[in-house]
Amino acid sequence: MIQTETGTDAAPGPDYDAIVIGAGMSGLYQLYRLRELGLRALVLEAGTGVGGTWYWNRYPGARFDSESYSYAFSFSKELLEEWNWNEHFAPQPETLRYLNHVADRFDLRRDIRFSSRVVSAHYRDAAAGWEITVEDGTRFCARFLITAIGPLSAPTMPRIEGLDSFTGQSFHTARWPHEEVRFAGKRVAVIGTGATGVQTIQEVAKTAGHLTVFQRTPNWCAPLHNSRIDAEEMARLKAGYPEMFQRCQETFACFLHTPDPRGAFEVSDAEREAFFEKLYGEPGFGIWQGNFRDILTDRRANAAVSDFVARKIRQRVKDQTVAEKLIPKNHGFGTRRVPLETRYYEVYNQDNVKLVDISETPIERITPRGVQTSDAEYEFDIIIYATGFDAVTGSFDRIDFRGTGGQRLKDKWNEGPRTYLGVLVDGFPNMMMLIGPHMALGNIPRSIEYNVDWVTGLLRHAQGRGLTRIEATEAGVTAWNDHVKSLGKGLLSNEVNSWMTGVNTNVEGKQVRIINRYSGSAPAYRATCDEAAAAGYAALTQT
Ligand code: NA7
């Protein structure tokens with residue numbers, strides 16, 4: 001065990017080798033690996049249960065957009081063998097059951113403290129460790145701090161006047177109640193049409209008395225084509241797991257889909273159309289992740305696929321005025337996250353559904369009865385805010401992280417995140433981030449497993465050498481930042497406002513586009529991290 005001391009101004013508290021913030025997928029797996037190292041570890045979790053994203057996002061219709069089995073943990077053969085998925089794209093309750101099963105199976109709960117929202121984490125130089133305080137005032141000290149707080153976990157309410165004045169029920173999708181919310185006979189509003197809004201809308205429309213969708217920007221959506229998995233198919237899938245996980249290791253973003261090597265205009269018009277048609281008819285992210293190699297970099301190629309999907313929307317929506325409102329005009333297909341849908345466009349053919357284009361008639365305020373736009377007041381029983389997250393750095397901004405000399409992480413990242421490999425920050429010794437800013441995202445659990453194993457390797461290295469302090473250098477951080485920036489060049493998505501470019505109209509200071517994501521391939525990311533490890537982590541200061 002690594003000895004820790006409490007900081008000079010800290011109340012006495014339990015000492016740990018490592019504290020992990022968050023019991024989502026990355027926190028759970030990290031705890032499992034920390035135990036293997038024989039370290040004394042504790043996970044602090046704000047919620048009352050495990051699951052992170054899948055614990056908080058209980059909104060109606062929440063489900064995977066990546067194939068369930070490709071999203072699952074791959075580290076345990078026994079776990080893979082015993083778990084059966086019911087659907088190719090599992091709904092949130094199934095995923096949450098899975099993660100609870102993982103927690104139970106590996107007896108993880110005994111080292112997780114629930115209802116423990118971390119409010120601050122301060123590095124104490126004298127102790128070469130972290131002092132972490134949770135909402136109830138309890139302090140914990142640990143040599144190493146591992147953040148597992150997710151890139152999309154800090155929900156944002158819209159900056160609209162009168163939010164608190166509404167007398168009906170209102171919910172943000174990422175803070176959905178644990179009790180069932182019924183929509184039958186109710187007048188329901190959904191504000192927001194990102195991946196979450198789309199899933200919510202298509203589900204709520206099934207039972208709501210009346211549904212009004214407030215859309216500021218339409219997104220390019222494509223069919224999910226979900227289906228059930230029977231026992232026979234599950235057995236076949238299991239038999240193919242080694243090849244499937246191997247494929248995920250080799251694809252660009254760890255999905256089962258990866259770009260086609262052909263350019264969109266290297267084939268005939270008929271072949272191009274047939275390929276788009278095929279992708280549109282197939283399950284999952286193929287049309288986004290497995291399309292011609294240049295649709296996200298070449299304007300003409302991007303216009304071709306955008307035109308194809310626009311035609312589909314016009315075919316599926318009966319009222320052509322509504323169809324035109326649903327077709328994005330300010331960005332091309334795939335330059336924002338593509339929501340996958342199941343009869344989303346057909347929802348707008350229902351008599352009980354109305355689309356309000358708030359780019360034409362903006363919302364002025366929320367009133368006690370509902371929503372006031374520039375041309376009408378709409379009355380509701382329920383308002384659902386599907387208004388997204390303060391992405392990537394938002395979950396960090398909500399905790400008072402302070403490094404050496406009391407410097408605040410929020411200040412350090414004022415102009416955007418700066419990290420070494422997405423994992424470490426100079427001036428914040430012994431802090432490692434899982435799925436931190438500027439590391440490979442994509443099919444996130446695949447990245448999580450790599451990320452956790454890399455951090456575990458670094459801790460093993462520290463353990464073996466009796467190191468008490470590991471820190472990124474400014475030069476290392478600058479080099480990684482420059483690399484990430486250079487990778488972002490030429491990507492059409494970086495010319496568009498979205499959470500992927502760090503823009504959130506509801507958050508002060510996040511109106512300017514930045515390079516918010518690592519946009520290289522996952523294999524390239526892993527190769528760089530593997531090299532860093534093989535070189536004995538020479539880019540880090542180690543004492
Ligand atoms: P997103 O993709 O950020 O979508 C948020 C939506 O809410 C989007 O349509 C926004 O319109 C809309 N929005 C946000 N603020 C407002 C205000 N003030 N007024 C009206 N409309 C607003 O979040 P999601 O939760 O859907 O998805 C996030 C990721 O989580 C997703 O990509 C998955 O990977 C998981 P805008 O486009 O800004 O005009």
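Residues take their numbers from the sequence shown, with the count starting at 1. Just so you know, ligand 1 is whichever comes first in the structure, and atom 1 is the first atom listed for that ligand.
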Participant: Could you pull out every protein residue that has a heavy atom closer than 4.0 Å to ligand 1, ordered by chain and then number?
Facilitator: L152, P158, I191, G192, T193, G194, A195, T196, R216, T217, R336, R337, I358, A386, T387, G388, F389, W499, N506
Participant: Indicate whether the side chain of Y385 and that of T156 have a donor and an acceptor atom separated by less than 3.5 Å.
Facilitator: no
Participant: Can you confirm if the NZ or CZ of R58 lies within 45° of the ring axis of Y55 and under 6.0 Å from the centre of its six-membered ring?
Facilitator: yes
Participant: State plainly whether the residues E495 and R299 are in salt-bridge range, i.e. N to O under 4.0 Å.
Facilitator: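 Counted as a salt bridge, because a side-chain N and a carboxylate O are separated by less than 4.0 Å.
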Participant: Would a line drawn from the ring center of F64 to the ring center of W54 be shorter than 6.0 Å?
Facilitator: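 When the ring centroids of F64 and W54 are compared, they turn out to be within the sub-6.0 Å range.
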Participant: With no hydrogens and no angle check, just 3.5 Å: does a side-chain donor-acceptor pair link R228 and N86?
Facilitator: no
Participant: If we ignore angles and hydrogens, is there a donor and acceptor under 3.5 Å between the side chains of Y69 and H88?
Facilitator: yes
